[in-house]
Amino acid sequence: MSDPKGAPLGRIRNIGIIAHIDAGKTTTSERILFYSGKEHRMGEVHDGTAVMDFLPDEQERGITISSAVTTFSWLDHQINLIDTPGHVDFTAEVERSLCVLDGAICVFCGVAGVQAQSETVWRQADRYGVPRLAFINKLDRAGAGVDHVVEEIRGRLGANPLLLQLPVGREDAFAGVVDLIERRRLTFDGPRGENVTVRPVPDELAGEVEILAQDIMEKAADASDELTAAYLEKGDLTPDEIRAGLRLLCLSRRIIPVLCGSSLKNKGVQPLLDAVAHYLPSPRDPPPRFGRPPGSDKATIECRPLRKDKTVALVFKITDDLHGPLAFARIYSGEISEGMRLVVAANSRKERAARLWRIHANHREQVKTVGPGEIIGISGLKFAVTGDSICDETRLVELEPPRFPSTVISVAVEPKTNDDRDKLMEVLSRLEREDPTFTHKQDPETGQLILSGMGELHLEVLTTRIIRDYRIPINTGAPRVSYREGALGESTGTGVFDQVVAGRQNYAEVVLSLAGNPAALAPVCEIALARDLYPKPILAALSASLENAFASGPLAGYPIIHTLAKIVQLRSREGELTELAVSAAAEAALRQAMLAGATTLYEPMMSLYVGVPEEFLGAVIHDLNGRRAEISEIGQSGAFRSVKARVALAEMFGYATAVRGLSGGRAEYTLEPRAYAQAPKNRIRDIIGYDPGG
């Protein structure tokens, strides 16, 4: 059993490693585990031995798919680390990790610099107000350098990078770094770079080091009145004073400390760990997190990181492995003990924390009690899902959950035998609980099971898990786009329900007006009735029925967006107005209004980034023009030419194979959901069989 007290709050660091795919996140994580003593060997992504990439799909593909958690010690600090995916299909893993982290390391490739997914994860970190360090990796590669990456961080990300190290040597001659605070050279000796040796600054760098070190000192002096006074009095600051000033600037996100190295070549990782302890926040440093009472939209309850306070924790991930279901949670106030009774704030469902675990990738270490600021695994939770707050029974608090994008791509699956159908449905429900960007439903017309996700790779990984991990043989159809339906112009519909149900007459007539609402993606329901004339349950039933109807439009069964539905009239007969009647009538009115007016299908539009060597640029652009792509920018990104475009998802199936063929396997690309746009009329006709008049 571990020490139930854990580390003092000020010496805890909850951090994540975020980056574009293949920037070296997991390789950096593996070195961190080795140098901290958590692991006694270095795992490697390229040979499938990385500790943090423990899923079979991760080892086979050489990419991170699921965020992995570990805990280790460095400089007398307890560091809880989450290694996140870089592929855009799994961006939800980054979202839910950043939601509970206090700080992050953003890894950049020293050759490619700021790449497409670098921008995405940076925006996600901005959204949650997460202070960051930048680590410029792969400085041993041809074409690598720090200056252009620093400028891209400043220009493309709008950040204020502050270089704290200079590389010694370029490309394959990269031999270490100069620490600009201590004005010393660091080399990483030994067969695995485990011995950090301090040497004098090389003569050829002495002038530049002096200029940069002085600039760092002046910036640190501006961080507080006390440091300013000390600098003016002495004309100098000690290294500890400089680090104290930089810490204040980093916590307030006024600077991004920048370090550099080559994780694969075992250079620069130990100083990066030092920087985590020196500059990134503890759980007591960020502003307090506020939650809201259930049913309220105002966050008025402060969750302080104190053991004596009532327990409030946020579940940010659910997994199901050989050991059984496991919920990952961040504790914001109070503590959780083994066997403790908890309540899901959103629905008052009662839970029990059967076992508590510190997690190291796919291994668990049992603990008895954990306090505020901790990231912990909990066994025994039956009802909590990602985004739920779990609390003490005497004070229910809902924390703001992570927000996930809607699914954009679907595939039909069916079990190869009818005997496997029930088992498949159970597995799909389990996967849906684990992954908030995965959904499944049964097509009411064809009876097919439709799986929806964030991209082709996402669905490929999920179907592979069904076949391999759960041993259910399935057939899969071709991927298809998840369109949306919506009103364009104004129309009116009337719905009537007049039936005897269970011996009682139910009657309602609902008149509904419909209009396009391009300003809001989600459909909006308004009830323009004199509310004092109708019972509250009737009004609630009207709203609930439309919310339910918005999930499946009348054209092709896709969810409805960009639409304003307004209930303008409700009629009934005395004694016959029921919730059943108004619900059925409202849904019928919406359907009639949608079919009577100008409606359309919306298709998901994607932001596309392609990085490609100069000699293949023309072929890539020619191919994109044939895919209806709107190219917005052609630039330079390190040694590659970069292409940014807006393109319909429907045009991008099979693009991975196409762009590899066009570039001799050297291009890279990312697709990220951005918006919905009206689909071309010929595509709408192909889908629904007629022109809806949009």
Side-chain angles (χ1 to χ4, degrees), residues 6-7 9 12-18 29 52 64 66-71 78-85 90-106 121 123-132 251 253 276 280-292 299 301-306 309 311-319 326-336 342 344-346 353 356-361 370-378 381 384-391 397-404 434-437:
L9 196 63
I12 293 176
R13 300 289 185 268
N14 294 314
I15 68 167
I17 297 189
I18 59 177
S29 297
M52 301 297 273
T64 302
S66 177
S67 54
V69 179
T70 190
T71 300
Q78 175 186 317
I79 300 178
N80 301 317
L81 171 69
I82 301 180
D83 178 30
T84 66
F90 309 103
T91 191
E93 293 286 327
V94 183
E95 189 79 20
R96 59 177 165 194
S97 298
L98 286 171
C99 179
V100 297
L101 292 174
D102 300 316
I105 299 169
C106 193
V121 298
R123 287 195 303 269
Q124 289 173 296
D126 279 343
R127 189 157 57 246
Y128 292 107
V130 176
R132 272 145 279 174
L251 295 186
R253 295 191 292 141
V276 168
L280 291 182
S282 74
R284 69 183 182 190
D285 291 318
R289 189 140 184 179
F290 282 82
R292 62 183 183 272
I301 303 174
E302 182 178 350
C303 299
R304 304 179 300 173
L306 300 174
D309 281 8
T311 300
V312 181
L314 181 69
V315 175
F316 67 94
K317 182 180 175 72
I318 302 287
T319 64
L326 184 72
F328 291 81
R330 161 74 186 265
I331 304 174
Y332 284 94
S333 67
E335 60 183 23
I336 298 179
L342 297 164
V344 179
L356 304 179
W357 310 92
R358 290 199 195 284
I359 307 300
H360 176 49
V370 286
E374 291 274 19
I375 291 176
I376 201 71
I378 307 175
L381 302 187
V385 297
T386 296
D388 275 343
S389 299
I390 50 175
C391 315
V397 181
E398 285 191 73
L399 299 171
E400 186 67 24
R403 302 295 180 186
F404 302 109
E434 288 185 26
D435 185 348
T437 59

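FYI, the numbering just counts along the sequence from 1. Computed from a prediction, not measured in an experiment: that's the story for all the values here.
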Distance-only, no hydrogens or angles: does the S389 side chain make a donor-acceptor pair with backbone N or O of L399 under 3.5 Å? yes
Measuring only between side-chain heavy atoms, which start at C-beta, is Y128 closer than 4.5 Å to L101? no
To the nearest 0.5 angstrom, please state how far the CG atom of D309 sits from the OH atom of Y332. 15.5 Å
Step by step, work out the side-chain contact (heavy atoms from CB on, under 4.5 Å) result for F404 and T386. CA-CA 11 Å; F404 302 109; T386 296; 3.9 Å; yes
Where E95 and R403 come nearest, the two heavy atoms and their spacing: CG-O, 3.2 Å
What's the spacing between R330 CZ and S97 OG if we round to 0.5 Å? 12.5 Å
Considering all heavy atoms, the nearest G373-N80 contact: O-ND2, 4.3 Å
Can you name the closest pair of heavy atoms from G387 and L314 and give their distance? O-CD1, 3.6 Å
Flag side-chain contact, heavy atom, 4.5 Å: I378 against L356: yes
Salt bridge check, R292 against E400: does any charged N sit closer than 4.0 Å to a carboxylate O? yes
Restricting to side-chain hydrogen bond (donor to acceptor under 3.5 Å, both in side chains), what partner residues turn up for R284, sequence neighbours left out? none
Write down the atom of P283, the atom of N14, and the distance for their closest heavy-atom approach. CG-ND2, 3.8 Å
Looking at CG of L98 and CD of E93, how far apart are the two atoms once the value is rounded to the nearest 0.5 Å? 11.5 Å
Could you check whether any side-chain N or O of R132 sits under 3.5 Å from a backbone N or O of C106, counting only pairs where one atom can act as donor and the other as acceptor? no
Can any side-chain N or O of T84 pair as donor or acceptor with the backbone N or O of I17 at less than 3.5 Å? yes
Spatial distance of atom CG (L280) from atom CD1 (I105) [nearest 0.5 Å]: 6.5 Å
Do the side chains of F328 and I82 get nearer than 4.5 Å, heavy atoms only? no
Would L326 and I318 count as a side-chain contact (heavy atoms from CB on, under 4.5 Å) if you check the C-alpha gap in whole Å, the side-chain angles of each, and the deciding distance to 0.1 Å? CA-CA 6 Å; L326 184 72; I318 302 287; over 6 Å; no
R13 versus V276, closest heavy-atom pair with distance: NE-O, 3.4 Å
In terms of heavy-atom contacts, D102 and P286 come closest through OD1-CG, 3.8 Å
First locate atom CG of D285, then atom CG of L9, and finally report the distance between them rounded to the nearest 0.5 Å. 8.5 Å
Hey, what do you get for OG (S333) to CZ (R289), rounding to the nearest 0.5 Å? 11.5 Å
Counting C-beta onward and ignoring hydrogens, is there a side-chain heavy-atom pair between E374 and E335 closer than 4.5 Å? no
